[in-house]
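Here is the structure we will look at, set down as structure tokens.
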Amino acid sequence: MHLFFWREAWRSFQAHRGLALTTVFSLAAALALAGVFLLVSWNAGQALHWIGDRREMIVYLNDDAGEAQVQALQAKIGELYGTSTFVSRAQAWEEFTTQVGDPEILKAVGTNPLPASLRVRLRPALQNFPAMSECAKQLEQFPEVEAVRFGGEWVQRLDALNAGARRAAVAVGLIVALAMVFVLHNTLRLAVLARRQQVEIMIKLGASDGFVATPFVFEALLETLAAAAVALLLVFGLQQALAQRLDGVTFLPLEWIAAFVGGALVLAWIASAAALGRILRTVGA
Amino acid sequence: MHLFFWREAWRSFQAHRGLALTTVFSLAAALALAGVFLLVSWNAGQALHWIGDRREMIVYLNDDAGEAQVQALQAKIGELYGTSTFVSRAQAWEEFTTQVGDPEILKAVGTNPLPASLRVRLRPALQNFPAMSECAKQLEQFPEVEAVRFGGEWVQRLDALNAGARRAAVAVGLIVALAMVFVLHNTLRLAVLARRQQVEIMIKLGASDGFVATPFVFEALLETLAAAAVALLLVFGLQQALAQRLDGVTFLPLEWIAAFVGGALVLAWIASAAALGRILRTVGA
Amino acid sequence: MIQFEHVTKRYGERLALDDVSWRMNEGERVCLLGHSAAGKTTLLRLITHETQPTSGTVAIGTLRGGRLSRAHRALLRRTIGVIYEDFRLLGDRSVFENVALAVRISGHFADSDVIPRTLRALEEVGLHGKQAALPGELSFGERQRCAIARAIVNRPAILLADEPTGALEPRSAAEVLALLGRIQQEGAAVLLGTTRPEVDDAFGGRRIVLEDGRLREGGAPEHAFMPLPAAQASQAPHAAPPAPPAPHTGGA
Amino acid sequence: MIQFEHVTKRYGERLALDDVSWRMNEGERVCLLGHSAAGKTTLLRLITHETQPTSGTVAIGTLRGGRLSRAHRALLRRTIGVIYEDFRLLGDRSVFENVALAVRISGHFADSDVIPRTLRALEEVGLHGKQAALPGELSFGERQRCAIARAIVNRPAILLADEPTGALEPRSAAEVLALLGRIQQEGAAVLLGTTRPEVDDAFGGRRIVLEDGRLREGGAPEHAFMPLPAAQASQAPHAAPPAPPAPHTGGA
Ligand SMILES: Nc1ncnc2c1ncn2[C@@H]1O[C@H](COP(=O)(O)OP(=O)(O)OP(=O)(O)O)[C@@H](O)[C@H]1O
Ligand SMILES: Nc1ncnc2c1ncn2[C@@H]1O[C@H](COP(=O)(O)OP(=O)(O)OP(=O)(O)O)[C@@H](O)[C@H]1O
Ligand SMILES: [Mg+2]
Ligand SMILES: [Mg+2]
């Protein structure tokens, strides 16, 4: 019996090619917008992650800390907080030189007043302001440590930005999703409305609701599948174009694609079933 | 006669309330997405502008430049490049102190080796890398000027980011616009298809193409207007929600709103006329 | 089998059926005669439960009265074949598919039975040469034949025929009536609604007459059903003054 | 006024009209008799230019042959009133609006004329009590009356009536035929297509007969148009053996 329904769906698709293509195009447009949003979200997420990676903590060491002590400290930090790199006094002076850039000033300084330090790249879980200040406090307890510095304000701002961006993404994403549901639902509803008479006659012939609805739902799923494919192609094209200009713009990962297509199909299922249910109730006196 | 067409459009809107509402919702969804895109673009543009405002050039002055000379220089700069603020040697030292943050280092320096400087905020037209380096070259010719510095690499990067963002916006905007055109066109096409029989009968009665099409086009315009209003309300809601979290998120300016509604109406006109033209050609044997 | 008890049907103000009681047995042949707007189609629609009586009960077989569930209504309709006065063919399916759809919906027949059954029904109404045509490509009479084929293809227990020869010339009409008679003789109950006494005469069977929504069983054809006036001289002015014809539509 | 010269119309393989030549004068009354699928509707559709002849020319008034532009076709149709066999009413407009639309489309009448003209036409067909109903709320006969009202409301120069009494009982049919006769006497050319000889007889006028797409002017009714066989005894087995009826549809 399933074969019959698929045949019916295909027949209807062919008989109303104009209607079907129109539906596919509308759905593809809506899905492409959703896809663009996903692409932007994905890449923004990646970028924020990458910025987050740069968050580090600088542990200034006592001048009298020996090499062995420093290595023990590094091992302990590796265990508890994350990877660390050693920056000797000479390296620190060199960096300072390039940072300041003005040789006049450096000449005035004369000797190197800078301490050696460890640059700690924290584990992702610790990359937020409360965790970082807690870490800093703990590290300052070690005898080898003179002081700990991290861009406290800067980290706080980044946290706020991150949270803001996430909220904005959720808000925009909600609108995109809602818009997509609307377009999906309404497009399928219009497609069903255009065949209202057919539904009416089939009901008069004694067809059960399932018999009437199944081919429509199948057709809606086919159309949504086609539309999702078209939409993904468009989004892929956009990604390719962007990648040429902006380094590091990558395409959606497979799981996101699967979720996208799956979500569209589920929505199409619900939307077409709902549209049909309504028509069946009003038509099938 | 116009009155008749408006009445017809209104009658049709009422008689097919389901169809009309479905159409309005679909259009509103598509337009809302376009509106969200506009909102994001507008605010991103504002943000970039604001970042651009921060681009400044530092003109280091000779230690022997007198107050009168500096003021003359400032007047000349104001005329040619933009506004400038004077930073004395003492102020520069103070800033340096807070920047370095580590009192140990400063103690080692002892005397203040920093020169006085002018901070120049360039006119917007000059805020890009080529113009800035040209300015720098010119300023270095003045006898009072010791050296000119600006974040050359940083400015270049910002320029690239700006260009990239603009290209991305154009690409995404194109997709959004295309998607909207598709949804608009197809939704109106479906709405017309659902009334195909009516068109057929009117043609059989000898109605001219204009007589048949005008009420449909009027109805499409009415629906699009309603949809645009709904979409703007949604976008306004989004902006209000975002403004509470992210400072400085503002609503679209009036001209953008007008362009948005006008564009939607023009698109609706074209789309519905095209859809009708096609149906009239196929139906009206 | 079919039983109406004091059935009244109003459409808003309009009284379409007024306290109608009658019954029809299994395998019976009944002709429902009535002028236009008398309520024939309304009576048939009550049988198929496309509409509900305002008062009274309609019982079909074991399904009796009240509002049936959607599933029960569908079940009922699968046991009834209806020739609609306006045919109600699916415009986007070929003649063959229109008829085959009814077979598929009935669910009584195996997939392999669908094609031969459909072809036989089309042959019975003389449409086998047109099976690939869409309804829009048929003449009006051919469309009516298609509607007949769809109604009889499942050999339903009850066959409702609403003016089934309205679009046919006398010879074809006689053939169709003969076909319906044959189906009745095979055991189906056939109820034929018509405005034309000559169809009633040709079909035979028990006659019930509807007049403005009221039932008169076995009544003789009334004045409304007189044959048309004799041919008028070609192009000659009319004898009758051009008074507006008396309306047959009002009168609740 | 209407002139067919060697008109042939094919639908793919099917020969619907075969070398038909005839003419009809202004104000003439003509009855087009033919069995189902004889080609009557095809002939009428050629007059309204809903379809093009495969060969030959169709001339209507001063519009002669070839493909007319869309604007010319629209103009032509505004001078013709057509009663379609399947009515073609707008299902989403009331009876009144359906008829008024034709007045508006014609463009001949001032806005203030639309309402009285429409009401008069509805009265002429006896539908004035139903002006607010949608076509779906009418009986089949009432729908046909509405179609008639729409066709005559503009008092067209040419009136084409395709089985205009198919859904009406004899008395109403006679009234409608009388109405059409009156319109013809007011000066319109009326062409009435029907499968029923008794309608032809009642309407009068010149008779032309179509048989399988070929024209026979003024021919006597042929065997196909014999009256229905006499009443059969109620429930009695049929005298005729249940041979399938001869198809009337094939035969290109
Ligand atoms: N859905 C409806 N809403 C309102 N009135 C209706 C509806 N259906 C039918 N009527 C009215 O009920 C009356 C009976 O209609 P019905 O269709 O039963 O007549 P009928 O005997 O079948 O006539 P015909 O031979 O013309 O088909 C008519 O006056 C009609 O206008
Ligand atoms: N659009 C079409 N495509 C293909 N064949 C058609 C088309 N329209 C009509 N025909 C065929 O042409 C023949 C004549 O049809 P037409 O409608 O003219 O008959 P008619 O005399 O009006 O019959 P009826 O009394 O049944 O309405 C029929 O065999 C019909 O099947
Ligand atoms: Mg009826
Ligand atoms: Mg015909």
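Below, chains carry the letters A, B, ... as their sequence lines are ordered, and counting in each starts from 1.
- Annotation: maximal heavy-atom pairing with chain A below 4.5 Å, among C:Arg93, C:Arg150, C:Arg78, occurs at C:Arg93.
- Using bins of under 30°, 30° to 60° and over 60° for the plane-to-plane angle, the ring pair A:Phe251/A:Phe236 lands in the perpendicular bin.
- Only the backbone of C:Leu89 comes within contact range of chain A, with heavy atoms under 4.5 Å apart.
- The choice from C:Leu101, C:Asp92, C:Thr79, C:Val82 that makes the most heavy-atom pairs within less than 4.5 Å of chain A is C:Asp92.
- Side-chain N/O atoms of A:Trp269 and A:Thr224 include no donor and acceptor closer than 3.5 Å.
- Here the closest non-hydrogen pair linking A:Val235 and A:Ala32 is CG2-O, 3.8 Å.
- Looking at A:Leu205, the atoms closer than 4.5 Å to chain C (heavy atoms on both sides) sit in the backbone and in the side chain alike.
- Residues C:Asp86 and C:Arg88 are paired through a salt bridge, judged by an N-O separation under 4.0 Å between the basic side chain and the carboxylate.
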